[in-house]
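In listed order, ligands and their atoms are each counted from 1.
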Amino acid sequence: MFLDLLLRQPCYVLPAFLYLCYLLAMQNIKDFTLKEIEQWLVSFEEKSYKALQIFAWVFNRGVGSFDEMTDLSKELREKLKETFSISKPKIFAIEKSKDGTKKLLLELEDKNYIECVLIPEEDRLTLCISSQVGCPLDCGFCMTGKSGFVRNLKLSEMADQVFAAQGVLSDNHKITNLVLMGMGEPLLNYEEVIKFLNIAIHQKGLGFAPRRVTVSTSGVAPMIERLGRETKVNLAVSLNAATDEIRNRLMPINKKYPLQILLDACRKYPAVRNRHITFEYIMMQDVNDSIKDAERLVELLKGIRCKINLIPFNPFPISEFKRPPEKTILNFQKVLLDNNYVVIIRASKGQDISAECGQLRGKLQG
Ligand code: SF4
């Protein structure tokens with residue numbers, strides 16, 4: 001019936017419709033790894049070494065069309081055009097903070113929205129990127145968790161966050177560090193995340209040094225060891241409690257992978273020499289900020305080469321938690337310092353904009 005209707009339209013409608021289908025069927029080259037581009041070339045008897053040239057044009061130079069790939073033959077460029085598309089990230093909104101933090105809201109092809117945040121610090125410019133649309137884990141302190149889970153992000157959608165963020169910077173500013181700490185739990189989108197990490201640290205890809213890339217997990221214990229085996233990037237664990245009772249309340253994933261299982265996985269993480277696992281500890285008043293909590297943390301992390309980031313909670317409209325007073329935070333830090341831990345109190349950046357992960361997208365959804 002639909003075809004019948006289509007055939008009765010003016011003569012230009014059917015070709016236009018077919019062309020649209022054709023375009024939609026094209027695959028985004030940014031979803032292809034180097035190996036997959038090689039396999040594609042070999043499938044029609046092209047030289048596999050050309051894959052590295054194509055890969056570098058796409059991920060290192062970030063070109064927007066195949067015509068710009070000037071060291072490839074015209075025939076190969078035509079073949080690429082017939083087979084693939086190259087996505088362009090679409091920035092839907094940007095919020096800028098007085099402290100220089102920029103939050104970008106990106107619109108995806110299916111009209112879903114994700115966030116990434118540029119965080120300038122003295123010696124670095126970090127991009128915090130999302131790995132899922134929403135998140136299934138529902139941590140009590142997180143705005144993204146409150147809005148539920150929609151889907152995993154594709155490799156191209158993670159890479160496009162880097163291109164979008166780099167695109168809003170002036171020429172003399174470069175992103176120096178990447179953290180997968182935005183919307184979603186990266187280790188629940190493992191296959192795409194590992195592809196993205198490999199491209200992020202490939203010299204002809206996005207070109208970041210592995211020590212400048214960090215994956216942050218809420219504690220998907222079985223995937224931690226695998227991540228350590230398969231990449232050399234840094235690991236951060238969002239810990240936030242020193243007892244199962246408190247962590248169960250804050251982070252439901254703890255019921256599946258309680259502290260002992262999580263920390264065993266961290267102990268087995270094959271950390272690169274001279275590097276530490278980072279434990280993130282969001283401090284919430286009268287929830288996890290007592291001296292007793294600090295003392296428990298000292299015991300819990302014994303034997304793990306680590307540093308601890310204390311992050312005073314940044315309240316958002318529907319949250320039930322508060323930021324602890326300054327003195328409480330300092331007293332907590334002192335207990336850890338006295339026990340020879342490296343402890344940094346990290347200021348929440350971008351407090352005058354929708355700084356919490358998920359807030360800007362939340363605004364859009366009303
Ligand atoms: S804190 Fe991270 S893992 Fe927890 S709900 Fe938010 S996005 Fe998901």
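- Taking CD1 of Ile277 as the reference point, atom CD1 of Ile308 lies at 12.0 Å (rounded to 0.5 Å).
- If you look at Ile253 next to ligand 1, there are no close heavy atoms at all, none under 4.0 Å.
- From Gln203, atom CD reaches atom CG of Asn60 across 9.5 Å, with rounding to the nearest 0.5 Å.
- The contact set between ligand 1 and Asp138, taken as ligand atoms under 4.0 Å from a residue heavy atom, comprises 5 (S).
- The Cys135 neighbourhood of ligand 1 comprises atoms 3 (S), 5 (S), 7 (S), 8 (Fe), with distances under 4.0 Å to a heavy atom of that residue.
- With no hydrogens or angles considered, a side-chain donor-acceptor pair links Ser87 and Asp160 at under 3.5 Å.
- For the atom pair Asn189 CG and Lys195 NZ, the distance stands at 9.5 Å (nearest 0.5 Å).
- For ligand 1, the atoms sitting less than 4.0 Å from at least one non-hydrogen atom of Gly145 are 5 (S), numbered in the order shown with element in parentheses.
- Note on Cys142: not counted as a metal contact of atom 8 (Fe) of ligand 1, no N/O/S atom lying under 2.8 Å.
- Atoms of ligand 1 found under 4.0 Å from any heavy atom of Gly184, numbered from 1 in the order shown, are 7 (S).
- Side chain to side chain, Asn240 and Asn288 fail the donor-acceptor criterion of an N or O pair below 3.5 Å.
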